[in-house]
Amino acid sequence: MTAEGNTTHREPWNKGKIVGQKAPFKVKDIWALRVRLQMEGRVRDLALFNLGIDSKLRGCDLVALKVRDVCHGDQVATRATVMQHKTQRPVQFEITTAARDALQAWIKLAGLKSEAFLFPSRLHDSPHLGTRQYARILQQWVEDVGLDRADYGTHSMRRTKATLIYRRTKNLRAVQLLLGHSKLESTVRYLGIEVDDSLEISEQTEI
């Protein structure tokens, strides 16, 4: 029997799916989501959303955070450092006032201790929120404010603040450090920087 006869035909995982880079959220969408989550009293989701935007972490790193990672004693810190699962490199991020307030409210409501996962799973077989659960939650947020689900994913959260920082400063090195990329080329690809961006920077530089 030939090797071909033993091969099991498998459909590509992305057959029929829209793939590619997911769009970062616009500032107006961020505020629309925040207001909606606040008005509906979705304390956990508000904390997850705000921290996701601030931290710029991959989904797998965000859902695995523990209370001790973002807290100093009983207070949420203004900055935190975590080890990235994918690269095994540390990355720092800021925690803004809005995120700190949301996290403080969530930790108090859930009665979370220092060693507890920040976002426990409601499923018995998982100690913390899984990446697929996180993706489903985000899709619900997107639907809630009338955005197209196909355009947004968990990487939208990671890209949002990084993209805003790049557009305002054009400082790729800063964004590279914030995203925890080992190579600048990775940051360029991740942000989707095109020739027009480069020309705009060049035009603004007079000699």
Grouping I, L, V, M, F, W and Y whenever their side-chain heavy atoms are under 4.5 Å apart, do Leu51 and Leu109 come out in a common cluster? yes
So CZ of Arg136 and OG1 of Thr131: to nearest 0.5 Å the spacing works out to 9.5 Å
Of all heavy-atom pairs between Ala23 and Ser156, which one has the smallest distance, and what is that distance? O-OG, 2.6 Å
So which residues get pulled into Leu164's cluster when ILVMFWY side chains under 4.5 Å apart are joined, directly or through others? Val27, Trp31
Going by the rule side chain to side chain donor-acceptor pair (under 3.5 Å), which residues pair with Glu115 if we only count those two or more places apart in sequence or in a different chain? Arg68
From NZ (Lys22) to OG1 (Thr154), nearest 0.5 Å: 9.5 Å
Tell me whether Thr160 contacts the main-chain N or O of Phe25 through its side chain, where contact means a donor paired with an acceptor under 3.5 Å. yes
Answer whether the closest heavy-atom distance between the side chains of Leu46 and Trp106 falls below 4.5 Å. no
Measure the spacing between CG of Leu62 and CG of Leu129 and express it to the nearest 0.5 Å. 8.5 Å
Sort and list the pairs that fulfil ring pair (Phe, Tyr, Trp, His ring centres under 6.0 Å) and have at least one residue in residues 55-84, not counting sequence neighbours. none
Please enumerate all residues that pass ring-ring contact (aromatic ring centres under 6.0 Å, His included) together with Phe117, with sequence neighbours excluded. His128
Shortest non-hydrogen contact from Leu179 to Ala162? CD2-CB, 3.9 Å
Report yes if the side chains of Val82 and Leu57 come closer than 4.5 Å at any heavy-atom pair, otherwise no. yes
Residues 138-145 side chain polar contacts: donor-acceptor under 3.5 Å, at least two apart:
{"from": "Gln139", "atom 1": "OE1", "to": "Arg149", "atom 2": "NE", "distance (Å)": "2.8"}
{"from": "Gln139", "atom 1": "NE2", "to": "Tyr152", "atom 2": "O", "distance (Å)": "2.9"}
{"from": "Gln140", "atom 1": "NE2", "to": "Asp144", "atom 2": "OD1", "distance (Å)": "2.9"}
{"from": "Trp141", "atom 1": "NE1", "to": "Asp45", "atom 2": "OD2", "distance (Å)": "3.2"}
{"from": "Glu143", "atom 1": "OE2", "to": "Arg149", "atom 2": "NH1", "distance (Å)": "2.9"}
{"from": "Asp144", "atom 1": "OD2", "to": "Arg42", "atom 2": "NH1", "distance (Å)": "3.1"}
{"from": "Asp144", "atom 1": "OD2", "to": "Arg42", "atom 2": "NH2", "distance (Å)": "3.3"}

Please name all residues satisfying side chain to side chain donor-acceptor pair (under 3.5 Å) with Arg173, sequence neighbours left out, ordered by chain then number. Gln176
What heavy-atom pair brings Cys60 and Val63 nearest, and what distance separates the two atoms? O-CG2, 3.7 Å
Non-hydrogen atoms of Ala102 and Asn50 that approach each other most closely: CB-ND2, 3.7 Å
Out of curiosity, Asp29 CG to Leu147 CG, how far, rounded to the nearest 0.5 Å? 4.5 Å
Could you pull out all residues at least two apart from Tyr134 that satisfy ring-ring contact (aromatic ring centres under 6.0 Å, His included)? none
Could you tell me which residues satisfy side-chain contact (heavy atoms from CB on, under 4.5 Å) with Ser182, sequence neighbours excluded, listed by chain and number? Arg89
Using a 4.5 Å cut-off on heavy atoms from C-beta on, say whether the side chain of Asn171 contacts that of Ile165. no
Looking at every heavy atom in both Ile95 and Ala99, which two are closest together, and how far apart are they? CG2-CB, 3.7 Å
Output the distance between atom CE (Met83) and atom OG1 (Thr81), rounded to the nearest 0.5 Å. 9.5 Å
Given a cutoff of under 4.5 Å between side-chain heavy atoms of I, L, V, M, F, W and Y, with clusters grown through shared members, what are the other residues clustered with Leu177? none
For Thr97, check side chain to side chain donor-acceptor pair (under 3.5 Å) against everything at least two apart and list the hits. Arg100
Apply ring-ring contact (aromatic ring centres under 6.0 Å, His included) to His155 and list each qualifying residue two or more places apart in sequence or on a separate chain. Tyr190
Rounded to the nearest 0.5 Å, how far apart are CG of Leu178 and CZ of Phe93? 11.5 Å
Could you report the tightest heavy-atom contact between Val43 and Ala105, atom names first, then the distance? CG1-C, 3.9 Å
Hphob cluster co-occupancy, Phe49 + Val67, side-chain heavy atoms under 4.5 angstrom: yes
For the pair Glu40 and Arg36, find out whether any cationic side-chain nitrogen is under 4.0 Å from an anionic carboxylate oxygen. yes
Could you note down all residue pairs passing side-chain hydrogen bond (donor to acceptor under 3.5 Å, both in side chains) where residues 54-64 supplies at least one of them, sequence neighbours left out? Asp54-Thr96, Asp54-Lys161, Lys56-Glu94, Arg58-Gln84
Single-linkage hydrophobic cluster, 4.5 Å side-chain cutoff, Leu191 and Val91 together: no
Got a sec: does the CG of Asp74 have more than 12 other heavy atoms crowding it under 6.0 Å? no
